[in-house]
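Per chain, numbering begins at 1; letters A, B, ... match sequence-line order.
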Number of protein chains: 2
Amino acid sequence: MSSSGGRGAVTMHDVAALAGVSVKTVSNVVNDYPHIRPATREKVQKAIDELGYRMNLSARSLRQGRTGIIGLALPELSLPYFAELADSVIRAAEARGVVVLIEQTGADRQHELDVLTSDRRQLTDGLIFSPLELGPDDADALKVDYPLVVLGERIFGGDWDHVTMNNVDAARAATQHLIDQGRRRIAVIGAHAGETMGSAALRVLGYQAALAANGIPLDPDLIVEGGLWHRATGAECIDHLVGTGVEFDAVFGLNDALALGALHALHARGIDVPDTVAVIGFDDIEDAAYTSPTLSSISPGREQIAQEAVDLLLARIAGGDEAFRRVIADFALVPRESTGS
Amino acid sequence: MSSSGGRGAVTMHDVAALAGVSVKTVSNVVNDYPHIRPATREKVQKAIDELGYRMNLSARSLRQGRTGIIGLALPELSLPYFAELADSVIRAAEARGVVVLIEQTGADRQHELDVLTSDRRQLTDGLIFSPLELGPDDADALKVDYPLVVLGERIFGGDWDHVTMNNVDAARAATQHLIDQGRRRIAVIGAHAGETMGSAALRVLGYQAALAANGIPLDPDLIVEGGLWHRATGAECIDHLVGTGVEFDAVFGLNDALALGALHALHARGIDVPDTVAVIGFDDIEDAAYTSPTLSSISPGREQIAQEAVDLLLARIAGGDEAFRRVIADFALVPRESTGS
DNA sequence: GGACGCATGTGCAACGTTGTAAATCCTAGC
DNA sequence: GCTAGGATTTACAACGTTGCACATGCGTCC
């Protein structure tokens, strides 16, 4: 009856007493120590089952200096890309026997800094960190004394493991796709002025490279600023573009949320997608396949990113090799209706 | 320089030694024990700062029997409703000084049962559980010996706290809204045959009530089954409806994902929304405001649900009152373009 | 026949913190 | 100056587990 749970205080001592062995033997059984006679193992297992024993993880953590918890710090779960990323990270972690503590930074720089030194780091064996606001100037803050894996592009070349994607090439592919459809006046929305690093800057770089490779002149009026990559921002960018009267026949949203906001705003103004304006996004969130029209996008290999990140972190936690690694995930162009496919 | 972090082993003993007090005094300072001389407190604080001391939370947990972590079990984060719910729960928890461990059940019954008895329950002080597949027969499994707050409708009247919404009334309001727009052939998508409990059954009940109240006959052909409430299912439901040739001028998606899938499928078939077919969803996910056309929905008071759930759980963890409570969150109709607003 | 070596099981201490109860310090009251 | 009584501080044990070093048991090799 007593069920399990933990509150109810059945410890290794109880199991040991019932099985007639020492506490340490129970510990050995639980931890799959190899040298145990089958009979003993069975006896102990029976006692465990009978009492509904569950390991006290706090005690184990105290003793081992490990919690079996990894942290995942990201901007916010209500952004679909990060929700899907979290989903993948949790699955990957579960497959490897650890659990995930999620912290939201709200894309606030101070909050991102805080997360690195929070008391909670003491509760996790390591951190997978996806910063949005930290820049090269904050590199020092990332020199932490616990295992850290950084996702994304904001800060290069520090002493930590890094999982990223080739933003430049991916953005170039997205832009090239628009060009292949015959578009020449391609707007980019969500740019971050003044940044030379980070996803925004790199993706704009890829955009420029594609234009250059096709001999299309760069029109600064087609590059629209947009701080937060939310749907609302995407809509505002379109409003801005239309407001300035600049001509455009395609929109490259630096992420899908921006592109979705753009779709929305274009639709509201009666501008046909893709006939009048083609739209492509970046991230390939689940939504992209269900909008009207469906949204072309760049699939960033989210699953791969999540798994690599967890693997790198666990390797770092386990100790061993010293070299910090950079993993670059694969991307793929996913053409859909919004670019006429 | 040594920064903080925790790996690096500075304990209360170190602080005590540096400050020239006992370990317990350090503990007292850290825990804001009232009777400490200001001079002592200052001395200790200085030592703490100097050494960059951080409390070892595993040790504290072991000693106190509490971890400061609460669990949140939900189907999957890639479903926008649950991502947004998780966002709200994490915020609410943070405001109250606890952190959240998320477990995904994948909407699998066995996985939902496992989560209740998992070793991880030992790591959390309590659980907020949003089951999708458990039914009344599983009520016994929910009789656990740790603090539990159940979200949603699947299982009523057990010995646990419950945060829910009035699904029947909300569904009735959604249906009534469609009727108010002059619709009479209203399809429902995502129904679960044979269930008498759970969101699906209750929302269908509200749908039926609205029809009855307006003297509209119930046509079973307009009630379309749909197990998983994903976008893909919503699209399939529309395909099914169209396939059977049954006439309809409105669709009530039992959640927004279904409704979004329906919008998609209707668009693909060239059926105009809302002129030919009006569509309403349920959950009011962020997406609903950005689709084309924007999606009318029922806002379930997600923020309120999250806060109440965390508050109930923390109250239960703190002990105290014995009576199990049921909180019913408010809902609101949010009319948008998809119903002609 | 004795010793060696591996398989198996055990006792003890320690992980870092906090509850308890008791020690010590002060200040006011006489 | 002396003492009661609250304010402060402290020593000790215990939370449940595991690493370590060691004890025991047993088959095998010379």
N or O in side chain of Thr25(B) less than 4.0 angstrom from dT9(D) OP1/OP2: no
Would you call Asp49(A) and Lys46(A) a salt bridge, using N to O less than 4.0 angstrom? no
Salt bridge present between Arg325(A) and Glu308(A) (N-O < 4.0 angstrom): no
Under 4.0 Å: is that the gap between some side-chain N or O of Thr40(A) and OP1 or OP2 of dG9(C)? yes
Please say which of Asp138(A), Asp114(A), Asp137(A) ends up in a salt bridge (Lys or Arg N to Asp or Glu O under 4.0 Å) with Arg109(A). Asp138(A)
When Asp161(A) is tested against each of Val327(A), Leu313(A), Leu312(A) for side chain to side chain contact (heavy atoms under 4.5 Å, CB included), which residue passes? Leu312(A)
Leu116(B) versus Tyr146(B), closest heavy-atom pair with distance: O-OH, 2.6 Å
Inspect the contact between Arg66(A) and Asp125(A) and indicate whether a charged nitrogen and a carboxylate oxygen are less than 4.0 angstrom apart. no
Hey, what do you get for CG (Leu314(A)) to CZ (Arg96(A)), rounding to the nearest 0.5 Å? 7.0 Å
What does nucleotides 12-19 of chain C look like as a protein-contact string, B for base, S for sugar-phosphate only, - for none, at under 4.0 angstrom between heavy atoms? -BBBBBBB
Quick one: Asp119(B) CG to dT17(D) P, roughly how many Å, whole number? 11 Å
Is there a donor-acceptor pair closer than 3.5 Å between any side-chain N or O of Gln122(B) and the backbone N or O of Met55(A)? yes
Could you state the CG-C1' distance from Asp32(A) to dT8(C), rounded to the nearest angstrom? 16 Å
Between the protein and nucleotides 23-26 of chain C, list every N/O to N/O distance that falls short of 3.5 Å.
none

Take atom NE2 of His35(B) and atom C1' of dG6(D), then tell me their distance rounded to the nearest Å. 8 Å
